[in-house]
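What follows is a short report on a single structure.
Side chains included, hydrogens not; waters and symmetry mates left out as well; all remaining heavy atoms used.
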Amino acid sequence: MNEKQISPKTCALGIELGSTRVKAVLTGADGGVVAKGSYTWENRFEGGYWTYSMADVETALRAAYGALAASYAETYGQPLTEVGAIGISAMMHGYLAFDCDGKLLVPFRTWRNTTCGQAAEELTEALGFRMPQRWSASHYYQAVLNGEAHVKDVVSLNTLSGYVHKLLTGRNVLGVGDASGMFPTVGAAYDAEKLEKMNKLLASKGLSVDFADLLPEVLAAGAVAGYLTEEGAKLLDPTGNLKAGAVFCPPEGDAGTGMVATDSIREATGNISAGTSAFAMIVLEQPLDKPYTGIDVVATPAGKSVAMVHVNNFTSEINAWGAMFTEAAKLAGVEIHPGKMLDRLFEISETADDNYGGYIGYSFLAGEPVAGVVEGRPMILRHPDGAPNLANFMKMQICSALAGLSMGIKTLRSVGVEIRSILGHGGFFKAGLPAVRAMAAAVKAPVTVLTTADEGGAWGISLLALYTLKQEGTLEDFIDGFFRGADSMTAEPVEKDVSSMEAYLTRFETALPLERQASGLFR
């Protein structure tokens with residue numbers, strides 16, 4: 001046996017289906033990463049909706065797990081045949097609607113869609129609770145308002161993590177964090193009072209349905225949520241090496257696993273996940289006094305209330321420009337990896353002028369509810385007196401990504417939510433200290449990024465799977481143990497950078513009417 005061999009039965013497999021990558025991480029009993037794999041994919045805009053096909057979901061699962069299994073076999077000299085526990089995480093929210101035969105009635109409508117404005121407003125009013133457009137209940141009710149033919153055939157709704165979990169285990173369950181993005185929760189259950197109001201609202205539209213019957217069963221962290229079936233094992237590993245029987249933790253959304261991956265699940269802790277989209281999560285010490293525009297209330301995997309600021313658009317436009325500069329370098333005879341190009345662009349952004357060359361940019365590929373933008377249209381403006389150099393251009397791109405999030409953080413503070421410090425994770429932070437410093441200036445708080453940040457939610461869900469496997473103490477105490485002595489980098493907000501960011505935000509908000517007008521162009 002390879003001297004580095006470990007016992008797979010003590011390991012946990014975490015798989016997260018993110019917006020641009022599906023990541024698989026095998027974690028040892030000590031929380032260390034044993035093997036990993038990934039698969040790159042992209043959403044598509046079809047029929048007026050951002051979507052992924054379910055065939056792509058299965059392809060991505062097999063590819064990410066296959067890459068992990070190959071890495072394990074290369075390292076340990078034998079195939080991966082079993083694991084102790086498995087957890088599935090995925091993009092929160094969205095709309096997956098099924099009929100009585102389990103057939104998907106309409107293509108998956110992801111969190112990125114901003115097509116449920118009327119439903120979100122009416123539900124917020126009827127339930128007395130802020131209902132974002134991207135939540136499953138909003139999508140369902142918008143389909144009701146639209147008179148969509150499929151509504152009469154809906155017998156179950158799910159999130160992407162719940163859908164994949166059911167494929168692998170046969171159980172229709174959901175972790176409380178992800179469930180809180182379908183419908184409001186209290187502790188580890190759907191809010192009974194709000195369910196009653198929802199049913200009355202649906203009845204007023206001619207629907208005789210108990211909305212609770214459409215939703216997966218809710219489970220808190222640590223619960224046994226099923227076991228890997230023979231069919232599930234074959235789906236993940238068509239080679240037949242992987243055996244059935246691994247225990248599953250409740251499936252979770254990327255917001256919940258992001259909290260776990262940053263040890264931000266106790267009251268007054270906070271984290272920011274920054275990738276294709278971005279969200280700030282602050283675990284509340286006491287409930288908000290009423291609904292607030294721009295602040296969503298979700299839950300930790302243990303059921304504690306969390307104030308969430310979510311923006312649909314974050315790194316996509318930065319990545320697109322990075323790819324174009326990589327292409328330009330190639331034309332000049334210089335070969336450079338796109339990731340390295342982005343690192344260099346972030347570095348040079350720190351030499352920008354205080355006013356970023358007079359640039360204003362909007363990185364909205366999709367609609368952005370925080371900014372009141374219905375449909376995304378990336379746009380760049382520049383004052384003629386500004387200096388159009390690369391440093392200023394990139395600083396503008398970075399601050400444009402941060403602008404919507406900063407607006408939401410401002411709202412959080414205005415309603416009395418204290419933000420003492422932030423832990424960050426996600427692709428944005430791959431750029432290192434320039435990214436951490438920019439985030440600190442935008443949120444006006446110290447930002448810390450751990451060395452585990454790149455693994456993000458896949459690692460987070462693997463820790464939740466370990467918790468189900470070990471059943472040791474509270475979730476908070478269990479997760480704390482993996483972070484003691486962890487390497488990290490921290491940036492404090494610098495007054496000069498904060499002032500420049502505030503001035504940029506003023507220009508950004510002043511010119512927002514132009515972006516809103518542009519959202520109606522190029523249909």
Side-chain angles (χ1 to χ4, degrees), residues 1-2 4-28 32-44 52-91 108 160-170 226-249 251-252 254 257 261 275-276 339 427 452 454-466 469:
M1 181 182 292
N2 187 313
K4 294 187 293 183
Q5 186 67 50
I6 61 168
S7 172
K9 287 185 178 180
T10 66
C11 294
L13 171 65
I15 300 177
E16 179 161 276
L17 294 93
S19 302
T20 57
R21 273 203 307 159
V22 178
K23 293 184 285 187
V25 171
L26 186 66
T27 300
V33 174
V34 173
K36 58 184 177 180
S38 67
Y39 176 80
T40 300
W41 68 346
E42 275 291 346
N43 56 186
R44 298 188 296 271
Y52 299 83
S53 78
M54 295 300 101
D56 287 348
V57 168
E58 294 191 17
T59 297
L61 282 172
R62 285 190 291 267
Y65 176 80
L68 178 146
S71 172
Y72 179 91
E74 182 178 354
T75 301
Y76 297 102
Q78 61 184 41
L80 181 62
T81 60
E82 59 186 340
V83 295
I86 302 177
I88 301 297
S89 173
M91 299 167 276
F108 177 32
L160 184 56
S161 78
Y163 169 77
V164 172
H165 181 92
K166 189 174 180 181
L167 285 179
L168 300 178
T169 69
Y227 298 88
L228 182 64
T229 62
E230 294 285 353
E231 295 79 9
K234 289 176 183 176
L235 191 158
L236 272 183
D237 184 10
T239 69
N241 285 326
L242 182 63
K243 298 176 183 177
V247 67
F248 271 73
C249 68
E252 270 296 349
D254 51 3
T257 55
T276 303
T452 52
D454 184 36
E455 306 308 332
W459 185 61
I461 192 66
S462 74
L463 297 185
L464 287 172
L466 280 178
L469 184 65

Residues two or more places apart in sequence or in another chain: which of them pass side-chain hydrogen bond (donor to acceptor under 3.5 Å, both in side chains) with S53? D56
Verdict with supporting geometry, L228 and L242, side-chain contact (heavy atoms from CB on, under 4.5 Å): CA-CA 10 Å; L228 182 64; L242 182 63; 3.9 Å; yes
Just verifying a value: how many Å separate [X] [atom1] and [Y] [atom2], rounded to the nearest 0.5 Å?
{"X": "Y72", "Y": "L13", "atom1": "OH", "atom2": "CG", "value": "12.0 Å"}
{"X": "T59", "Y": "Y52", "atom1": "OG1", "atom2": "OH", "value": "14.0 Å"}
{"X": "F248", "Y": "I88", "atom1": "CZ", "atom2": "CD1", "value": "5.5 Å"}
{"X": "D254", "Y": "E16", "atom1": "CG", "atom2": "CD", "value": "5.5 Å"}
{"X": "L469", "Y": "L464", "atom1": "CG", "atom2": "CG", "value": "12.5 Å"}
{"X": "K166", "Y": "T229", "atom1": "NZ", "atom2": "OG1", "value": "12.5 Å"}

Return the minimal non-hydrogen interatomic distance between [X] and [Y], and the atom names on each side.
{"X": "G87", "Y": "C249", "answer": "CA-SG, 3.6 Å"}
{"X": "A12", "Y": "A465", "answer": "CB-CB, 3.8 Å"}
{"X": "R21", "Y": "W41", "answer": "N-CD1, 3.9 Å"}

Taking the side chain as everything from C-beta on, heavy atoms only, tell me whether [X] gets closer than 4.5 Å to [Y].
{"X": "T276", "Y": "N43", "value": "no"}
{"X": "T257", "Y": "L463", "value": "no"}
{"X": "L80", "Y": "D237", "value": "no"}
{"X": "K23", "Y": "K36", "value": "no"}

Should I461 and V25 be marked as a side-chain contact (heavy atoms from CB on, under 4.5 Å) after you check the CA-CA gap, both sets of side-chain angles, and the distance that decides it? CA-CA 9 Å; I461 192 66; V25 171; over 6 Å; no
Return yes if some donor-acceptor pair links the side-chain N/O of [X] with the main-chain N/O of [Y] below 3.5 Å, else return no.
{"X": "Y39", "Y": "R62", "result": "no"}
{"X": "N241", "Y": "P79", "result": "no"}
{"X": "S71", "Y": "A67", "result": "no"}
{"X": "S38", "Y": "V22", "result": "no"}
{"X": "W459", "Y": "G32", "result": "no"}

Is there a side-chain contact (heavy atoms from CB on, under 4.5 Å) between E42 and T20? Walk through the geometry before answering. CA-CA 5 Å; E42 275 291 346; T20 57; 3.6 Å; yes
